[in-house]
2 protein chains.
Amino acid sequence: MRTLPLLEPVVQPCCPPLTERPLTAEEAERTAVMFKALGDPVRLRLFSAVVSHEGGEACVCDISDVGVSQPTVSHHLKKLKEAGLLSSERRGTWVYYRVEPAVLAAMGQLLTKAAAA
Amino acid sequence: MRTLPLLEPVVQPCCPPLTERPLTAEEAERTAVMFKALGDPVRLRLFSAVVSHEGGEACVCDISDVGVSQPTVSHHLKKLKEAGLLSSERRGTWVYYRVEPAVLAAMGQLLTKAAAA
DNA sequence: TGTCTATGTTGACACATGTCGAACCAGAGG
DNA sequence: CCTCTGGTTCGACATGTGTCAACATAGACA
């Protein structure tokens, strides 16, 4: 019995820099997944809530006050997970979501390098 | 006769840091606009093409080879413009798109600060 | 076993979005 | 004036997406 299904890893070595050259179709496809995941207000709030929470992780019950129903929260968290931005773990009664620091750093570099050009 | 319609400024002083605290509904709404704009593979390629082009600007004719019809290219460039990421200017026969460096830098900080947490 | 609480999944629905062809607009150059 | 070329706008269509209520599942606890 595995405790972490972890749907897909999707984007790990990700993110070619944006300024160097035009992205290829493949690269764009991969990179767009992450931006798309953050392209919804509710998901952005959930993500921000997890990232800003102490320890970089939070229980669903702590962050689900974003004005939508509980199934919708669950749906959005799943999307963020599929995009490789969050991972989840069940601890007893509650499920905790955690941010993937590597991916976040990669996204940041992608944009800051672009800005420095 | 104005040469720059510039549909809306939308997001100028933008981007509260992502790690500090959970984003409010308003902040998330504003910030998500930009991520959403970059959340499509075609738009990401177009954006990357403009950013990586010399001088940070490019004629539509230089970047429209992304596998979709020309009206679709125009549609996506409009979206990027509405999101405040690009601006456009007509110069004789051709239309040039340019990146907005301030907004790009803000987005980068938003994520790198988040990564450093 | 049963029940209660915390999350996830399903199904359905309305709405947003990406795409194209066709029509339209703006300059350049006859 | 006309015509050609580069871009945009329009109308239509298929697909994707956010949302909820209802149902299902997983532990905790009795």
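Quick note: numbers below take in every heavy atom, side chains included, and nothing from hydrogens, waters or symmetry partners. Computed from a predicted structure; not experimentally measured. So you know, we letter chains A, B, ... as the sequences are listed, proteins then strands, and number each from 1.
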*B:Arg43 side chain to B:Arg45 main-chain N or O, any donor-acceptor pair under 3.5 Å?*
no
*Choosing from D:dG7, C:dT7, C:dG18, which nucleotide comes nearest the side chain of A:Val95?*
C:dT7
_Interatomic distance, A:Leu46 CG vs D:dG18 P [rounded to whole Å]_ = 12 Å
_Atom pair OG (B:Ser87) and CD (B:Glu89), whose distance is rounded to the nearest 0.5 Å_ = 8.0 Å
*Could you tell me whether A:Tyr96 contacts a base, only the sugar-phosphate backbone, or nothing, with contacts defined as non-hydrogen atoms closer than 4.0 Å?*
nothing
_Whole-Å distance separating the CZ atom of A:Arg91 from the P atom of C:dA6_ = 17 Å
*asked:* Could you tell me how far apart B:Asp62 (CG) and D:dG6 (P) are, to the nearest whole angstrom?
replied: 12 Å
_Residue whose closest nucleotide on DNA chain D lies nearer the 5' end, A:Lys36 versus A:Gly67_ = A:Lys36
*Please determine, for the side chain of B:Cys61, which listed nucleotide (D:dG7, D:dT19, C:dT7) has the closest atom?*
D:dG7
*Round to a whole Å and report the spacing from NZ of B:Lys81 to P of D:dT8.*
7 Å
*side-chain N/O B:Arg43 vs C:dG18 OP1/OP2, d < 4.0 Å*: yes
*Can you tell me the distance, in whole Å, between the CD atom of B:Glu29 and the P atom of D:dG18?*
13 Å
_Residue B:Trp94, side-chain atoms from C-beta onward, closest of D:dT8, D:dG6, D:dC20_ = D:dG6
*B:Lys78 side chain N/O closer than 4.0 Å to the phosphate oxygens (OP1, OP2) of D:dG7?*
no
_As a test of reading the structure: which of C:dC20, D:dC20, D:dT8 is closest to the side chain of B:Ser69, going by heavy atoms?_
C:dC20
*Specify the residue among A:Thr93 and A:His75 whose closest nucleotide of DNA chain C lies further upstream toward the 5′ end.*
A:Thr93
*To the side chain of A:Ser74, which of C:dT7, D:dG7, D:dG18 is closest?*
C:dT7
*Atom CE of A:Met107 and atom CE of A:Met34: how far apart are they, to the nearest 0.5 Å?*
4.5 Å
*asked:* From C-beta outward on A:His76, which listed nucleotide comes closest to its side chain: C:dT7, C:dG18, D:dT19?
replied: D:dT19
*Return the nearest nucleotide to the side chain of B:Pro71; candidates are D:dT8, C:dG18, C:dT7.*
D:dT8
_Between C1' of C:dT7 and CD1 of A:Ile63, the distance in whole Å_ = 12 Å
*Return the value, rounded to whole Å, for the distance between atom CG of B:Leu77 and atom C1' of D:dG6.*
13 Å
_Listed nucleotide nearest any side-chain atom of A:Arg90, set D:dT9, C:dT19, D:dA26_ = D:dA26
*Are B:Tyr96 and B:Leu86 co-members of a hydrophobic cluster defined by side-chain heavy atoms under 4.5 Å apart?*
no
*Taking the side chain of B:Val60 as heavy atoms from C-beta outward, which of D:dT8, D:dT9, C:dT7 is closest to it?*
D:dT8
*Quick one: label A:Val42 by what it contacts on the DNA or RNA (base, sugar-phosphate, nothing), any heavy atom closer than 4.0 Å.*
sugar-phosphate
*Just by modelled atom types, is the A:Arg21 backbone N or O under 3.5 Å from a matching donor or acceptor in the B:Ser48 side chain?*
yes
*Please give, in whole Å, the distance from C:dC25 P to B:Gln70 CD?*
16 Å
*Checking B:Glu27 side chain against B:Thr24 main chain: does a donor-acceptor pair fall under 3.5 Å?*
yes
*Where the side chain of B:Asp40 is concerned, which of D:dG18, C:dG8, C:dG18 is the nearest nucleotide?*
C:dG18
